[in-house]
Amino acid sequence: MTGSIAPTRREILTLYRQYLTTAKSFSSYNFRTYFLRRSRDMFRSNLVLESSSNPSSSSASSPFSKSSAQAVRSSPSAMVSSSTPPPSSREEKVKLFYQQAVDDLKVLQRSALINRMYEGEKLVVEKPKLVVVGGAEGLNV
Amino acid sequence: MLASSIRSTAVRSSRSIVRSEVCPSVASTSRCLSTASATTNSTTNKVNDKSNLSQTAQKRGFASPTSPNSMATPVEVAQPDIKAGLGSSQGSGKNLLNSVLSSAPKYADANRPIYLDAQSTTPVDPRVLDKMLPFLTNQYGNPHSRTHAYGWESEKSVEEAREEIAKLIGADAKEIIFTSGATESNNMSIKGVAQFYKSKKNHIITTQTEHKCVLDSCRKLQEEGFEVTYLPVQSNGLIDMAELEAALRPTTSIVSIMTVNNEIGVIQPIKEIGQLLKTKGAELSKQAGRGSSKPFFHTDAAQAAGKIPLDVNEMGIDLMSLSSHKLYGPKGIGACYIRRRPRVRMEPLINGGGQERGLRSGTLAPPLIAGFGEAARLARQELAYDHAHISRLAERLRNNITAKITHVLINGDPDGYPGCQNLTFQYVEGESLLMALKDVCLSSGSACTSASLEPSYVLRALGLDDANAHSSLRFGIGRFTTEEEIDYVSEKIISVVTKLRDMSPLWEMVQEGIDLSTIEWSG
């Protein structure tokens, strides 16, 4: 790892994009949505400035929803393991976060690959919604 | 295509004709070939005489090397060139990845049901699997092998995992014993402690809403002559502290109360119980003058670990059962926390090679333990994040359902663990509700008892009558549950419950204002 140099804005954005691409490549619906949500919240809660995050904001859990612009405050400094001392400056914090995130991306990529290899059937919620005008209810019971 | 193949065979046959022309008669063919090979041999001798040096040396009668077998002390000076066989060098595996991914089965239809049963088990987190795989492929050493590298690397990972699990519950790594799961941990704790202190103490306290394995262990001990108090619970599922205090005796050796209930999600006042045992319990034991040790506090935290914050020291817990597959780890592994100071002594259930401080012999499973450790690490890291997500979904589920249908009872303490929602849909048969909900995986209670049609004993202990206990469903929400799933499920539930109620004559009577309990049914 290039430890001493703080990551540039561009590097962080590239990493973020890599996270999203990897998360989207999971074949299991639940894992895919979780890792998308997680990646988004992780980057936002760690990198978006404190002032913009509101503790009472109830963000939508769907990773696709753009409605919540705010980061979920409850998310821990996800990738920063507690064994390391709390970083002093913001720059330090970002640097530490970046390094951890780069390492964890590898885990995520391997996980996505394994998940793809053993793809399962799709969940019922993944079905594209058909607009049916009345009548189909009887199938349920 | 056909024409070309014919042509190629024609060419081949013409070649063979040419060869036969060189050696005209069939009988002379072999001689002809042998002379040819002889000439090639001589040429290679000239060109590459190194390889045949030893052969020629022997032929010429020089001093021949002594064969190693006839030497008195075979001393190997240098490693000989190891000529590895076929496959010793790794190929590039070009396009392997693409072919694997493209040949993975593709499913066109989307029929797999939604999983909402996080209390029975949870999916293995992909990050956990990633941690496990090295131990299922290359690193297969026995962690108890102290003589070689394969053993050391396995042992190292086991100890790292132990550390992570200890951290999750605020314990020391030495206090964690790996078992096969929470059931074994529960058996081991209750039976082990009770048996060890048998000569002085013979009383056990537990609650009526415990998991089957605790209740059954207690029943077994009862048969052996122990006295067991099964504490009742209040209508919200919590125990009454005054009742626990009254139940304590000088002879109480162990109190076993679960942290989070697996069916209704109530969180028992663990800290208060721990405190009570330290004060009142210790006092009683001292009064009896029976060697002073206070009643030990065991808690089954299989449903709690990684879901709510736990600290064994703060909560005064002496023994704790943990399970890996309830916190997104692999199945088949669990752990038991056993306090070292003051020391909890117990009889082991399984005797053998003395692994795990002699309390649980048997070779450990490094892949499972590594997975459990990673799951514990993730659970600690994601605890607040997951809890917020799960609370939000639970609230959404409750609101969705109660907004559309009436006569829904929410079982258990409202401040319980939100990932476990137990709802009663009155005047609807639970099993027929489950049958109608084909594309949702739900349970009407614990998985262990889901095969029987008996109503849940946990719900009965809350004071629910048979009919209501039969109409209850448990919704288990986990880390990977999404809002879309919750919306889908609540929509389904609403439509099915409405439909079933429309068919029910009981529901009709309720709508007309008839109190069902006043009806005298003719036999």
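Order of the sequence lines fixes the chain letters, A, B, ..., with proteins taken first and strands second; residue numbering starts at 1 for each chain.
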Check: Phe97(A) ring centroid to Phe43(A) ring centroid under 6.0 Å: yes
Side chain / backbone / both / neither for Tyr118(A) at chain B, heavy atoms under 4.5 Å: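 Tyr118(A) has no heavy atom closer than 4.5 Å to chain B.
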Side chain, backbone, both or neither of Leu123(A) within contact of chain B (heavy atoms, under 4.5 Å):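 When you check distances to chain B, atoms from both the backbone and side chain of Leu123(A) fall under 4.5 Å.
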Does one side chain, of [X] or [Y], offer a donor that lies under 3.5 Å from an acceptor on the other?
| X | Y | value |
| --- | --- | --- |
| Asp130(B) | Ser111(A) | no |
| Glu484(B) | Tyr29(A) | yes |
| Asp117(B) | Ser443(B) | no |
| Asn30(A) | Glu485(B) | yes |

Under 4.5 Å heavy-atom distance to chain A, tell me which part of [X] shows up: side chain, backbone, both or neither.
| X | result |
| --- | --- |
| Val124(B) | backbone |
| Leu378(B) | neither |
| Arg396(B) | neither |
| Ile486(B) | neither |
| Pro105(B) | both |
| Asp487(B) | neither |

Option that, when pairs with chain A are counted at under 4.5 Å, heavy atom only, ranks first among Leu129(B), Asp125(B), Val128(B), Leu97(B):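 Looking at each option in turn, the highest pair count goes to Leu97(B).
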Chain A contacts, top residue of Val440(B), Val489(B), Leu101(B), Asp386(B) (heavy-atom pairs, under 4.5 Å):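 Top option by heavy-atom pairs under 4.5 Å: Leu101(B).
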Neighbour count above 12 (heavy atom, 6.0 Å) for Lys106(B) NZ: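 Check passes, neighbour count above 12.
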Residue Arg110(A) excluded, over 12 heavy atoms near CZ under 6.0 Å: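 Yes, enclosed.
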